[in-house]
Each structure stands twice: as structure tokens, then as C-alpha cells.
Number of protein chains: 2
Amino acid sequence: MVNRITQIMATSTVENYLKAALLYEQEHQGIVPMGSLVEALGVVPGTVTTMVKAMATQGLLEHEVRQGVRLTPVGRALALGVLRKHRLVETFLVQTLEMDWSEVHVEAEALEHAVSNRVLERIDAYLGHPTVDPHGDPIPNAEGSIADEATQATMQDCTIKKPLRVTRILDQSADFLDYVQDHGLKPGAKIEVLKRVEASGVLQCALADGEEIVLGLPAAAKIVVGISA
Amino acid sequence: MVNRITQIMATSTVENYLKAALLYEQEHQGIVPMGSLVEALGVVPGTVTTMVKAMATQGLLEHEVRQGVRLTPVGRALALGVLRKHRLVETFLVQTLEMDWSEVHVEAEALEHAVSNRVLERIDAYLGHPTVDPHGDPIPNAEGSIADEATQATMQDCTIKKPLRVTRILDQSADFLDYVQDHGLKPGAKIEVLKRVEASGVLQCALADGEEIVLGLPAAAKIVVGISA
DNA sequence: TTTTATATTTTGATTTGTCAAAATACAAGA
DNA sequence: TCTTGTATTTTGACAAATCAAAATATAAAA
């Protein structure tokens with residue numbers, strides 16, 4: 001029963017490696033290749049090898065030489081904590097400080113390492129314990145469990161000519177978010193996919209106000225939709 | 001006219017050295033001795049010498065060998081920016097997130113290095129452009145000018161038997177702040193100094209509710225008062 | 001003036017996170 | 001099987017920030 005308070009303190013670099021591994025694990029399955037960390041962190045491959053070995057000796061992840069890494073339970077818990085901070089901070093910046101939807105990601109990237117749990121829980125309470133952030137991404141709770149994402153249909157593979165609602169945007173780049181905002185496709189928006197032409201790689205959809213827009217299938221795959229409740 | 005956007009990016013360590021130098025300058029006058037930085041930053045003397053020399057070559061301060069440092073205009077501007085962040089964040093944590101008055105200093109210490117100017121200006125607007133933080137310390141404005149602190153009387157040297165109001169607390173330690181809070185001496189509180197005995201080093205004062213409290217002169221010197229408006 | 005105490009600087013090492021570039025392993029194609 | 005291409009690892013170097021401990025100024029006391 002000793003040592004229960006032990007809060008492992010990771011540097012922000014370590015937190016970023018953990019978060020990148022977690023996000024990769026959530027989108028793919030099995031081991032996280034070194035290359036994905038190289039790309040996510042914007043460093044050269046040798047740097048990742050060095051960091052990963054250090055983090056493995058700290059018990060944050062397992063390093064399968066020449067293959068990649070796997071988060072340990074400790075590493076995953078830490079990563080979920082960082083993700084929770086990131087998403088709660090983003091929500092806060094948009095909802096409370098009314099910041100632009102497309103600029104908060106960068107800000108949250110910095111703040112997620114500086115916000116203490118004490119401050120975070122105040123923010124969480126202030127926001128009324130939200131379960132998703134402004135992009136529709138689920139927010140892990142304080143215990144690190146995350147609402148499972150079920151089977152998510154995107155505009156690219158959903159049923160056609162049914163009333164739908166945008167629930168999540170899978171691309172955090174400012175460019176894409178600006179596009180989404182400008183065309184009224186933010187989470188919550190009511191839409192209906194009218195036609196999808198695989199050959200031309202294009203899709204046609206209608207907004208609540210009747211306006212029709214056309215977008216490419218790769219873009220459509222980044223917009224998650226659900227039944228319009 | 002080129003180079004106007006140039007926002008010098010200092011590490012948080014550098015920001016801390018600058019802030020410490022600024023705070024010392026505000027309380028004393030002339031050069032900032034190396035020893036004051038040693039104490040403020042909690043490092044060994046040799047570390048300060050090394051850092052100071054590096055910062056001098058960056059043009060952030062002037063190093064008078066064997067004597068101390070003086071902020072350059074660039075260094076001072078940077079330091080004022082950090083102080084502005086610190087105090088606005090503190091105000092925000094107390095007023096918006098309703099955090100405990102005595103715990104926000106530590107939090108702000110971390111957040112001041114992670115909050116961007118973009119976020120800061122939102123916070124400033126959200127709070128209605130406050131001019132003092134919860135301790136009564138003045139908040140530098142975005143241009144770096146700071147409301148001058150005039151001649152500040154403290155409970156130790158103010159007039160006796162006049163209605164006064166607490167305007168500022170000069171000690172940020174959690175212990176002292178807790179004491180101040182518990183005894184209703186927060187900025188804004190109406191008080192009156194009844195008696196001061198230099199010999200015994202003790203002072204007696206009355207609160208608005210009639211309660212009388214006794215405190216030592218060193219403590220009294222940390223509580224700034226003004227005429228009760 | 002000489003001594004002593006204190007503040008500051010120097011020197012050499014250490015940790016963390018990084019890069020460049022060479023070396024190596026491995027899967028896939030010829 | 002041999003060769004090639006790509007991913008990963010190794011090696012040596014570096015900047016930032018730090019410490020320990022020895023060296024050196026300088027101000028104050030004797």
C-alpha cells in the first residue's frame with residue numbers, strides 16, 4: 001500500500017513518444033513500427049531508437065528489436081493521461097475561450113505537458129465532464145478508460161440517402177479543419193450523402209440547409225458520421 | 001521594417017532567469033547580484049555564471065563580472081511578457097476555475113512557459129483585462145508597461161487608527177497565503193491597525209467584522225494597504 | 001596592511017535529446 | 001539463391017543545463 005501516490009514524471013518528449021505510440025495503436029493493431037514514431041515526432045530514425053531504448057528500460061514500452069514497440073500498462077496509462085489532457089484542453093480552448101477550431105490543436109500540443117492533474121480536473125468540471133472534444137474524438141476519463149469507438153462509418157462508406165450527423169473528424173491539420181468548418185461539416189452537422197462515384201473518386205452530399213457539396217473520397221474517409229438522432 | 005515579427009523564443013529556463021532578474025530589479029535597485037539568481041532558481045552558483053554568460057551573448061542581459069547582471073531592453077521586454085503570463089494565468093485559475101488562492105502560484109509557474117500569446121490574449125479578454133492578480137500584484141499590459149506601484153505603505157509602516165484596505169500581498173508562499181486567507185486579510189479586506197509595539201515586534205489590528213488579530217511585524221511588512229475607498 | 005570570510009568564476013563531468021552518416025538486418029524481387 | 005531496397009541500429013558528435021569542487025576576487029575585519 002506504500003507507493004500508491006507514485007506519479008511517474010515523464011518529460012514532455014517522453015510524453016510525446018507515448019502519445020504517438022498510443023494513437024498509432026488505436027488506428028492500427030499489433031506492434032508500433034519505429035518508422036511511425038519517426039514520422040509522428042519529426043526526428044531522424046536513430047533518435048527514435050535511442051529514445052525507445054531508454055524508455056524501455058524505464059518500463060514504459062517494450063522494444064522488439066528491428067520491429068517496433070508495444071506500450072506497457074504503465075506506458076499506456078501515461079499516454080492516456082496525456083491524451084486526456086490534450087483533448088480536454090482543446091475542448092476548453094474552443095468552448096470557453098472561443099478560439100478558432102483549427103488553431104487549438106497546436107496550442108493543446110504545448111499545454112498538455114504543462115497542465116497539472118489538479119488544473120485538469122477543474123477544467124473537466126468546468127466543462128461538465130465532456131466525453132468528446134471539438135473534433136469528436138473521445139476523451140479518456142480520469143481512470144484512463146476511453147469510450148469504445150464501436151464501428152465508425154465515414155462519409156466514404158456509409159449508407160446513401162439517409163439522414164446522418166457528423167460525429168468526428170479524423171484529420172487534425174489546420175487546412176482540413178478550415179475546409180470542414182467553411183463547408184459546415186463540423187461534428188453535429190446534419191447531412192445526407194446523395195451519390196458516390198468510385199470511378200471518379202468523388203462524392204456528393206447535401207447539408208441541412210439544402211446546399212450541396214462535392215468532395216473527394218480520401219477527404220470523405222476522414223469524416224465520421226452516425227445516424228441523425 | 002523587416003524583422004518586426006521576430007519573436008525571440010527563449011527556453012523556459014531562460015525565461016525563469018529573466019523573470020527572477022526582473023523581480024529583483026523591482027524590489028531593489030541597480031545591479032542584480034548573482035547570488036539572488038542562485039537563490040531564486042535553486043541552482044549552484046557555477047550554473048548561474050554559465051547561464052548568465054550565455055544569455056549575455058544572446059543580448060538578454062549585461063554581465064558585470066563579479067558583480068551581477070542588468071537586463072537589456074530586450075531581456076526586460078521578455079521578462080515582462082513572462083510576468084504578464086504568470087499573473088494573468090494566476091488570475092484565471094482563481095477567478096474562472098475557482099482554484100485555491102494558495103495553490104495557483106505553483107501552477108502558473110509551469111503554465112507561464114506553455115501559454116502562447118494567442119491564448120493569453122483570449123484569457124485577458126475573458127477576464128476583462130484585469131490590472132492586478134489575486135495577490136494584488138500589477139499585471140503588465142501587452143506592451144510591457146506596468147502600472148507604477150507608487151509609494152506602498154504596508155501594515156508595518158502605515159498610519160494607525162485609520163480605515164484601510166488590503167491591496168497586495170508580497171509573499172507568494174503557500175503557508176503565508178493560507179494564513180492571510182484564514183484571517184481574512186486578502187486584497188480587498190477592510191482593516192484598521194490599532195496598535196504597533198516595536199519593542200515586542202507585534203501589531204494589533206481590527207477586521208471589518210470587529211475581530212481583532214495580532215501579527216508579527218515581519219509578516220505585517222508583507223501586507224500592503226491603501227486608503228479604504 | 002594583512003588576514004579572513006564570502007561571492008563569484010573556472011574546470012571537468014554528467015544527463016537528455018538530438019543529428020549525420022555509416023553499418024546492418026531483413027523482406028521481396030530477379 | 002542472389003541481389004536489391006528499405007527499415008532500423010550503431011557510432012561519434014553536439015547543445016543545453018546542470019553539479020561538484022577547486023581557484024580566485026573582493027570586501028570587511030583585525
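By convention in this document, chain letters (A, B, ...) are assigned in the order of the sequence lines, proteins followed by strands, and residues within each chain are numbered from 1. Given the structure is predicted, the values throughout are model-derived calculations rather than measurements.
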Does B:Tyr17 put a side-chain nitrogen or oxygen below 4.0 Å from OP1 or OP2 of D:dT18?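 Indeed, a polar side-chain atom of B:Tyr17 lies that close.
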Next on the checklist: For D:dT18 and B:Thr50 - does any side-chain N or O of the residue sit under 4.0 Å from the phosphate oxygens OP1/OP2?
Outcome noted: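 No, because none of the side-chain N or O atoms of B:Thr50 sits under 4.0 Å from OP1 or OP2 of D:dT18.
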More than 12 non-hydrogen atoms from neighbouring residues, nucleotides or ligands closer than 6.0 Å to CD on B:Gln58, yes or no?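 Buried by this count: over 12 neighbours within 6.0 Å.
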B:Thr47 side chain: which of D:dC19, D:dT8, C:dG17 is closest?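 Looking only at heavy atoms from C-beta outward on B:Thr47, the closest nucleotide is D:dC19.
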Legend entry - A:Thr49 side chain, from C-beta outward: closest of D:dT18, C:dT18, D:dT8: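 Nearest nucleotide to the side chain: D:dT8.
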Main chain of [Y], side chain of [X]: is a donor-acceptor contact present, judged purely on distance under 3.5 Å?
{"X": "B:Arg122", "Y": "A:Glu98", "answer": "yes"}
{"X": "B:Arg87", "Y": "B:Val132", "answer": "no"}
{"X": "A:Thr154", "Y": "A:Val224", "answer": "no"}

Whole angstroms only, please: what is the [atom1]-[atom2] distance between [X] and [N]?
{"X": "A:Leu37", "N": "D:dT8", "atom1": "CG", "atom2": "P", "value": "9 Å"}
{"X": "B:Met9", "N": "D:dA16", "atom1": "CE", "atom2": "C1'", "value": "15 Å"}
{"X": "A:Met34", "N": "C:dA25", "atom1": "CE", "atom2": "C1'", "value": "14 Å"}
{"X": "A:Leu41", "N": "C:dC19", "atom1": "CG", "atom2": "P", "value": "10 Å"}
{"X": "A:His63", "N": "C:dA25", "atom1": "NE2", "atom2": "P", "value": "14 Å"}
{"X": "A:Met55", "N": "C:dT16", "atom1": "CE", "atom2": "C1'", "value": "13 Å"}
{"X": "A:Ile31", "N": "D:dA7", "atom1": "CD1", "atom2": "P", "value": "16 Å"}
{"X": "B:Lys53", "N": "D:dA17", "atom1": "NZ", "atom2": "P", "value": "16 Å"}

For this session: May I ask you to check whether A:Phe92 and B:Phe92 place their ring centres under 6.0 Å from each other?
Result: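 Yes; A:Phe92 has its ring centre under 6.0 Å from that of B:Phe92.
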Q) Base, sugar-phosphate alone, or nothing: which one does A:Gly35 contact when heavy atoms must sit under 4.0 Å apart? A)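 The answer is sugar-phosphate, as A:Gly35 gets under 4.0 Å only of primed atoms, P, OP1 or OP2.
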Taking any heavy-atom pair under 4.0 Å as a contact, classify A:Val65: base, sugar-phosphate, or nothing.
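Counting heavy atoms under 4.0 Å across all strands, the contact made by A:Val65 is with sugar-phosphate only.
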Suppose we call a contact any N or O donor and acceptor under 3.5 Å apart; does that hold for the side chain of A:Arg66 and the base of D:dT8?
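Such a pair is found, so the answer is yes.
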